[in-house]
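Sequence lines set the chain letters: A, B, ... in the order given, protein chains first and strands last, and positions in each chain run from 1. The figures here come from the full heavy-atom set of this structure, side chains too, leaving out hydrogens, waters and symmetry mates. In this text, all values refer to a predicted model and were calculated from it rather than measured experimentally.
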Number of protein chains: 2
Amino acid sequence: MCAKFSEMERLLTNLKVNINSKIYLKDPQSSDLGKRIVENSILLIDKIGFEQFTFRKLSKEINSTESSIYRYFENKHKLLVYLSSWYWGWLEYRLVFATNSIENPEQKLRKALEIITQPVEQDMHFDHINEVILHKIVVSESSKSFLTKEVDQENKEGFFSIYKRLAYRLTEMIEEIDSSYSHPKSLVSIVLEGTLHQHFLREHFPTITNCNQRHSVTEFITNLVFNNLKEHHGSK
Amino acid sequence: MCAKFSEMERLLTNLKVNINSKIYLKDPQSSDLGKRIVENSILLIDKIGFEQFTFRKLSKEINSTESSIYRYFENKHKLLVYLSSWYWGWLEYRLVFATNSIENPEQKLRKALEIITQPVEQDMHFDHINEVILHKIVVSESSKSFLTKEVDQENKEGFFSIYKRLAYRLTEMIEEIDSSYSHPKSLVSIVLEGTLHQHFLREHFPTITNCNQRHSVTEFITNLVFNNLKEHHGSK
DNA sequence: TGATAATGATAGTAATACTATTATTTTTGT
DNA sequence: ACAAAAATAATAGTATTACTATCATTATCA
């Protein structure tokens, strides 16, 4: 058991979210500077917003230079795609880890929805990434990573494959519970995007959401999903 | 009846979507140049995307100057807020017009969801606005109008009040059908945002949506909503 | 017709979004 | 331990962006 624990530890401390290498010029996970770029870009984007964020400002934060940052990312758009991908990759890993051993399809989906919708907590296995703040960025900025004129080209190049893979996984879970439901893919995509949106509304437009201190996003989304599926047996 | 018709005509041809005057410096609906700015900004944003769009480029399109455009809008962000508001105001007007006389709550909501989710058609009453292209912009760009660091300040100033009013209207319709449903506001906001998102996915990420030639967004959203509400009596 | 408002023409500025070159430091293979 | 290679820093430069300011010209309408 002790051996197993240390094996587990090794597995976990060596974790690395695998991101399409076309998104970056040089893998930021491969060097100290790269990690500082990622770490501090999260903090700075959260602080001043993506529009005001520049490589020049970031370079000052990390006592480096613009040109050094440009060796890792072509531009700030690619950096945002990278951060979003990292988030979804991390979420996918946690989702698979948490649902893998659950046999019951309904419980499995419930757990998956929990992982997706619950407030994010710091994950100690990635010390250069503050997942709590990254989640804030994903809520407020990540839509901008695909709402561009280049989306089709970048989609072809696989920039969004992690997100899509996560969507496929969830779609399968839904189909396993109710294969007769007509719009599993759309339900999944509205859940993924809608979850972020509800978190945003809760913070900035509380009058048009019921999600607040008393009602969690998890509760709303879980309810929404299961109200669309047959053969579910009440609340867990 | 002939008199009534011409009164109706007058009413309709004088239509003007009312937009919070804090969004603009000078009302673009008040002059020829203003209308050309709005008309051509829609076309140009659709053509090159909001990031690449500049007042300089727009000024060349309309054979005017940057400084003239700046007399109407402080910056391109405000112009986007304006265009989004116009869209939601126009939708609200059509929604009220179409649902006003419907007594049956379920039919009323069905009609409202139709208006919101159906592909947009050209409206002849506003000749300086191409509603079909405006809808494309709303799908791809309008999220950027509130995903900013200034959102709370701008919300206080009423920049998003038309959108929120539309959300309240829909929330009331839902509550009228099922007052026991626990998340009417969140359901409405996920429907409004989700509708745009499904249109986007249909165009750019067809593998994670069921909305396509065969399944309309209307069908998916209507289904989603009514599956969450009690006391509905099958399909219309 | 004369004043006023609207638009156009032109110029200027700080910041952005890069690219290029060269110098310095760090890493690494033997 | 040392040379070669790789990574980073320093510096400079460019076209474009996102404005602001000023003044000239052209409609409007009282």
Side-chain angles (χ1 to χ4, degrees), chain A residues 21-41 44-45 47-83 128 141 144-145 147-150 153-154, chain B residues 21-41 44-45 47-83 128 141 144-145 147-150 153-154:
Chain A
S21 62
K22 285 182 185 162
I23 295 171
Y24 49 75
L25 297 169
K26 183 182 153 123
D27 186 357
Q29 293 181 101
S30 72
S31 75
D32 177 64
L33 179 63
K35 283 175 189 164
R36 273 160 55 219
I37 288 171
V38 169
E39 178 179 8
N40 289 279
S41 69
L44 189 56
I45 290 173
K47 192 175 164 192
I48 64 177
F50 188 66
E51 280 71 33
Q52 299 307 310
F53 171 85
T54 67
F55 280 179
R56 169 170 289 267
K57 288 172 185 169
L58 177 59
S59 72
K60 280 172 184 163
E61 289 284 321
I62 61 177
N63 291 310
S64 180
T65 59
E66 265 183 291
S67 51
S68 298
I69 299 173
Y70 275 110
R71 272 188 219 100
Y72 286 86
F73 294 102
E74 240 178 280
N75 51 46
K76 70 174 182 175
H77 164 71
K78 293 265 173 80
L79 172 57
L80 183 62
V81 174
Y82 179 90
L83 295 177
H128 69 296
E141 316 284 3
K144 299 167 192 169
S145 70
L147 296 176
T148 69
K149 279 284 161 186
E150 295 77 33
Q153 180 57 35
E154 296 186 346
Chain B
S21 63
K22 285 182 186 161
I23 295 171
Y24 49 75
L25 296 170
K26 183 183 154 121
D27 186 357
Q29 292 181 102
S30 71
S31 74
D32 177 63
L33 180 63
K35 283 176 190 163
R36 272 161 56 222
I37 288 171
V38 169
E39 177 178 8
N40 289 279
S41 68
L44 189 56
I45 290 173
K47 191 174 165 195
I48 64 177
F50 188 66
E51 279 71 33
Q52 299 307 310
F53 172 85
T54 67
F55 281 179
R56 169 170 289 267
K57 289 172 185 168
L58 177 59
S59 73
K60 279 171 184 162
E61 289 285 321
I62 62 179
N63 291 312
S64 180
T65 58
E66 266 184 290
S67 50
S68 297
I69 300 173
Y70 275 109
R71 277 189 206 102
Y72 285 86
F73 294 102
E74 240 178 280
N75 50 47
K76 70 174 180 174
H77 164 72
K78 293 265 173 80
L79 172 58
L80 183 62
V81 174
Y82 179 90
L83 295 177
H128 70 297
E141 316 284 3
K144 299 168 191 168
S145 71
L147 295 177
T148 69
K149 279 284 160 185
E150 295 76 35
Q153 180 57 35
E154 295 185 346

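Between B:Arg71 atom CZ and D:dC23 atom P there is a gap of 14 Å when expressed in whole angstrom units. Rounding to whole angstrom units, CD1 of residue A:Ile69 and C1' of D:dA7 are separated by 15 Å. Rounded to whole Å, atom C1' of C:dT16 lies 13 Å from atom CG of A:Asn75. Between the C1' atom of D:dA6 and the CG atom of A:Asp27 lies a distance of 16 Å, rounded to the nearest Å. Counting to the nearest Å, the C1' atom of D:dC19 and the NZ atom of B:Lys78 are 13 Å from each other. Atom NZ of A:Lys35 is separated from atom C1' of D:dA7 by 16 Å (rounded to the nearest Å). Regarding A:Phe55, its CZ atom lies at a distance of 8 Å from the P atom of C:dC18, rounded to whole Å. Here C:dT10 presents its P atom at 12 Å from CZ of B:Arg56, a figure rounded to the nearest Å.
Within the structure, salt bridge (Lys or Arg N to Asp or Glu O under 4.0 Å) pairs that include any residue of residues 27-39 of chain A comprise A:Lys16-A:Asp27, A:Asp32-A:Arg36 (at least two apart or interchain).
For the OP1/OP2 pair of C:dT7 and a distance below 4.0 Å, the side-chain nitrogens and oxygens of B:Tyr70 include no atom meeting the criterion. Applying the 4.0 Å criterion to OP1 and OP2 of C:dG8, one finds that B:Ser64 has a side-chain N or O inside that range. OP1 or OP2 of D:dA9 has at least one side-chain nitrogen or oxygen of A:Ser68 nearer than 4.0 Å. Considering only side-chain N and O atoms, A:Lys57 lies nowhere under 4.0 angstrom from the phosphate OP1 or OP2 of C:dA15.
Contacts of B:Tyr72 with the nucleic acid, taken as non-hydrogen atoms under 4.0 Å apart, involve only primed sugar atoms and P, OP1 or OP2. Residue contacts shown for A:Gln52 are absent, as no nucleic acid heavy atom lies under 4.0 Å away. Among the heavy atoms of the strands lying under 4.0 Å from A:Ser67 is at least one base atom, whether or not backbone atoms are also near.
In A:Lys60, the NZ atom is not crowded: 12 or fewer heavy atoms of neighbouring residues, nucleotides or ligands sit closer than 6.0 Å. The number of heavy-atom neighbours closer than 6.0 Å to NZ of A:Lys47, taken from other residues, nucleotides and ligands shown, is 12 or below.
When distances are taken from the side chain of A:Glu66 to each of C:dG8, D:dT8, C:dC18, the shortest belongs to C:dC18. When the nucleotides D:dC19, C:dT16, D:dA18 are ranked by their closest atom to the side chain of A:Thr54, C:dT16 comes out on top. Between D:dA10, D:dT20, D:dT8, one nucleotide has an atom nearer to the side chain of A:Lys26 than all others, and that is D:dT8.
Residues that satisfy the side-chain hydrogen bond (donor to acceptor under 3.5 Å, both in side chains) test with B:Ser68, not counting sequence neighbours, are B:Thr65.
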Could you walk me through whether B:Glu51 and A:Lys144 satisfy the side chain to side chain contact (heavy atoms under 4.5 Å, CB included) test, starting with their C-alpha distance in whole Å, then the side-chain angles of each, then the deciding distance to 0.1 Å, before giving a yes or no?
CA-CA 10 Å; B:Glu51 279 71 33; A:Lys144 299 167 192 169; 5.8 Å; no
